[in-house]
Enquirer: 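Right, I'll just put the structure down here and ask away after.
Note that ligands are numbered from 1 as they come in the structure, with each ligand's atoms numbered from 1 the same way.
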Amino acid sequence: MQSIDTLIEARWVIPVEPRGAVLADHAVAIAGGRVDAVLPISAARARYAPREVVQLPSHAVTPGLVNAHTHAAMTLLRGVGDDLPLMRWLSERIWPLEKSLVDAQFVHDGSLLAGIEQLRGGVTTCSDMYFYPDAAARALREAGMRVVVGLIAIEFPTGYASDAEDYLRKGLAARDALRADSLVSFTLAPHAPYTVSDATLRRIATYAEELDLPVHMHVHETADEVREGMQQHGVRPLARLDRLGLVTERLIAVHAVHLDAAEIALLAERGASVAHCPTSNLKLASGFAPVAALLAAGVNVAFGTDGAASNDRLDVMQELRLAALLAKGVANDATALPAAHALECATLGGARALGLDARIGSLLPGKAADLAAFDLGAWETQPCFDPVPLLVYAGGRAQVTDVWVQGQRVVQAQQPCCLVEDSQRTRVASAVAGWQERAQQLLRAMA
Ligand SMILES: [Zn+2]
């Protein structure tokens with residue numbers, strides 16, 4: 001008998017690779033934080049001597065979901081600027097509030113809340129872009145998540161940094177401080193074409209090559225962005241990024257709503273990824289990303305929630321369902337983005353975009369044991385012909401019961417393991433209430 005840490009015995013295991021596979025009455029064997037094997041429960045019982053057995057008789061176990069784009073700390077701004085278009089939302093609400101509120105403690109407290117919310121929703125990895133990325137990373141790790149830290153660059157000064165050079169210097173210092181943690185990785189995160197100069201983008205292209213990092217950037221989010229980019233630079237933003245050497249397999253183009261056929265072909269040819277954020281695009285009326293066309297061209301598509309201020313849920317299951325439905329509606333084709341492919345985008349697609357597909361995104365032996373268990377035993381998810389489309393169309397984050405990151409249980413019976421003590425819950429709740437009070441005072445003064 002082989003001794004292992006944990007044996008998870010499930011009604012179904014959905015490994016994501018190969019696409020659409022459903023393994024009934026299978027177990028996931030976990031040793032040293034990794035998947036040792038996925039095999040029939042009877043075979044697992046004969047082969048392993050686990051320290052812990054977890055029985056999930058009405059559950060589907062999937063790879064942990066990957067949130068390919070968020071601004072975690074913005075959970076504290078959830079609900080401060082609803083029902084406004086992007087530029088008014090930014091200039092009248094988000095930027096003034098950020099200017100007054102955002103410091104390392106704000107980012108820590110908001111990111112911790114975001115980590116708790118995401119883990120409860122089966123999200124085990126998030127790719128973050130925000131100020132004080134070191135504080136965000138520490139809080140997301142405190143919650144128990146795997147984190148991809150965006151080293152943000154933007155031209156305008158904030159409390160965090162004075163100019164683009166200062167942002168990059170602080171980001172690289174944060175990378176040095178955090179890189180010993182195997183659950184932390186990094187992207188370069190220039191905010192958007194309209195907030196970052198050519199000179200800064202050129203430097204970022206060089207760093208991306210030298211440091212072997214993805215480049216995580218809002219691109220072609222709105223029609224106005226594309227139009228104003230044309231006026232200012234004479235070319236569309238994606239063409240400008242290409243001229244600056246940024247349209248490569250490292251690029252994670254966030255949103256990518258407004259793309260023409262040549263731009264879709266360019267992203268495919270270069271092996272770039274798109275982080276599709278359907279709820280944010282709908283809430284800010286940015287438009288409909290051409291997801292079916294991107295997939296048909298061979299572009300890797302991942303899903304992101306964007307920040308809570310434009311969503312308002314850090315709920316990848318919701319993005320998954322919405323993406324599958326919108327892809328069909330936009331393409332006028334009910335066969336576009338089938339459920340199994342959508343689940344792949346929400347797991348392996350995110351891992352590929354972030355350069356982590358050798359480590360996470362599917363349940364292959366040797367990959368990290370980042371898992372989510374969904375209880376499909378409730379009335380809402382009856383009957384079950386195939387758990388994959390059932391999860392995508394009828395399921396949601398409310399079905400998530402247990403979550404593991406690198407073999408460690410981080411959610412048990414829907415309770416985050418970082419909040420088992422009363423004192424921990426009280427501390428998080430009072431921090432959130434304190435920030436809400438300060439934001440409300442500012443909003444009253446702005447009215
Ligand atoms: Zn965003």
Side-chain angles (χ1 to χ4, degrees), residues 66-82 84-91 93-95 97-98 102 107 110-111 114 117-118 123 125-133 136 140 147-156 158 160 167 171 187-196 204 214-226 229 237-238 241 251-258 272-289 301-316 318-319 322-323 350 353-354:
V66 176
N67 185 357
H69 175 67
T70 192
H71 311 284
M74 293 182 87
T75 49
L76 294 175
L77 301 177
R78 184 175 2 236
V80 299
D82 297 317
L84 292 171
L86 176 69
M87 287 323 292
R88 281 191 59 203
W89 175 74
L90 282 172
S91 59
R93 296 293 166 85
I94 298 303
W95 286 338
L97 284 173
E98 285 183 333
V102 173
V107 172
S111 301
E117 176 182 356
Q118 290 182 92
V123 182
T125 298
C126 77
S127 174
D128 191 49
M129 178 199 283
Y130 208 62
F131 311 108
Y132 303 92
L140 290 162
V147 54
V148 183
V149 184
L151 310 179
I152 191 171
I154 197 163
E155 301 295 336
F156 58 74
T158 58
Y160 169 59
Y167 282 96
T187 64
L188 292 158
H191 172 261
Y194 56 94
T195 51
V196 186
I204 286 171
V215 176
H216 169 198
M217 185 176 193
H218 298 100
V219 177
H220 288 211
E221 178 174 2
T222 62
D224 281 350
E225 172 199 332
V226 176
L238 193 68
L241 297 182
L251 178 65
I252 305 165
V254 177
H255 300 305
V257 169
H258 298 274
S273 292
V274 164
H276 175 42
C277 307
T279 300
S280 177
N281 297 158
L282 287 171
K283 192 171 185 218
L284 296 171
S286 302
F288 302 95
V301 174
F303 298 149
T305 59
D306 214 347
S310 66
N311 184 313
D312 299 351
R313 307 158 65 117
L314 305 187
D315 178 356
V316 173
Q318 173 135 314
E319 301 305 311
L322 201 49
L354 297 165

Enquirer: Any sub-3.5 Å donor-acceptor pair from Y130's side-chain atoms to T70's backbone N or O?
Expert: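 Not confirmed, Y130 side chain does not pair with T70 backbone.
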
Enquirer: Tell me whether the Zn ion (ligand 1) has E221 as a neighbour, meaning an N, O or S atom of it below 2.8 Å.
Expert: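 No N, O or S atom of E221 is closer than 2.8 Å to the Zn ion (ligand 1), so no.
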
Enquirer: How about C277: does one of its N, O or S atoms come closer than 2.8 Å to the Zn ion (ligand 1)?
Expert: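 For C277, the answer is no, given that no N, O or S atom comes within less than 2.8 Å of the Zn ion (ligand 1).
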
Enquirer: About how many Å separate CD of E319 and CG of N281, when rounded to the nearest 0.5 Å?
Expert: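 So the gap between those two atoms works out to 9.0 Å.
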
Enquirer: How open is the angle at the Zn ion (ligand 1) from atom NE2 of H71 over to atom NE2 of H69, rounded to 10 degrees?
Expert: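 Value returned, to the nearest 10°, is 100°.
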
Enquirer: Could you tell me the separation between the CG atom of L188 and the CD1 atom of I152, rounded to the nearest 0.5 Å?
Expert: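 With rounding to 0.5 Å, CG (L188) is 12.0 Å from CD1 (I152).
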
Enquirer: Please state the angle at the Zn ion (ligand 1) spanned by OD1 of D306 and NE2 of H218: what is it, rounded to 10 degrees?
Expert: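 Here the angle at the metal atom is close to 170°, to 10°.
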
Enquirer: With under 30° as parallel and over 60° as perpendicular, where do the rings of Y160 and F131 fit, or are they tilted in between?
Expert: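 Plane angle between 30° and 60°, so tilted.
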
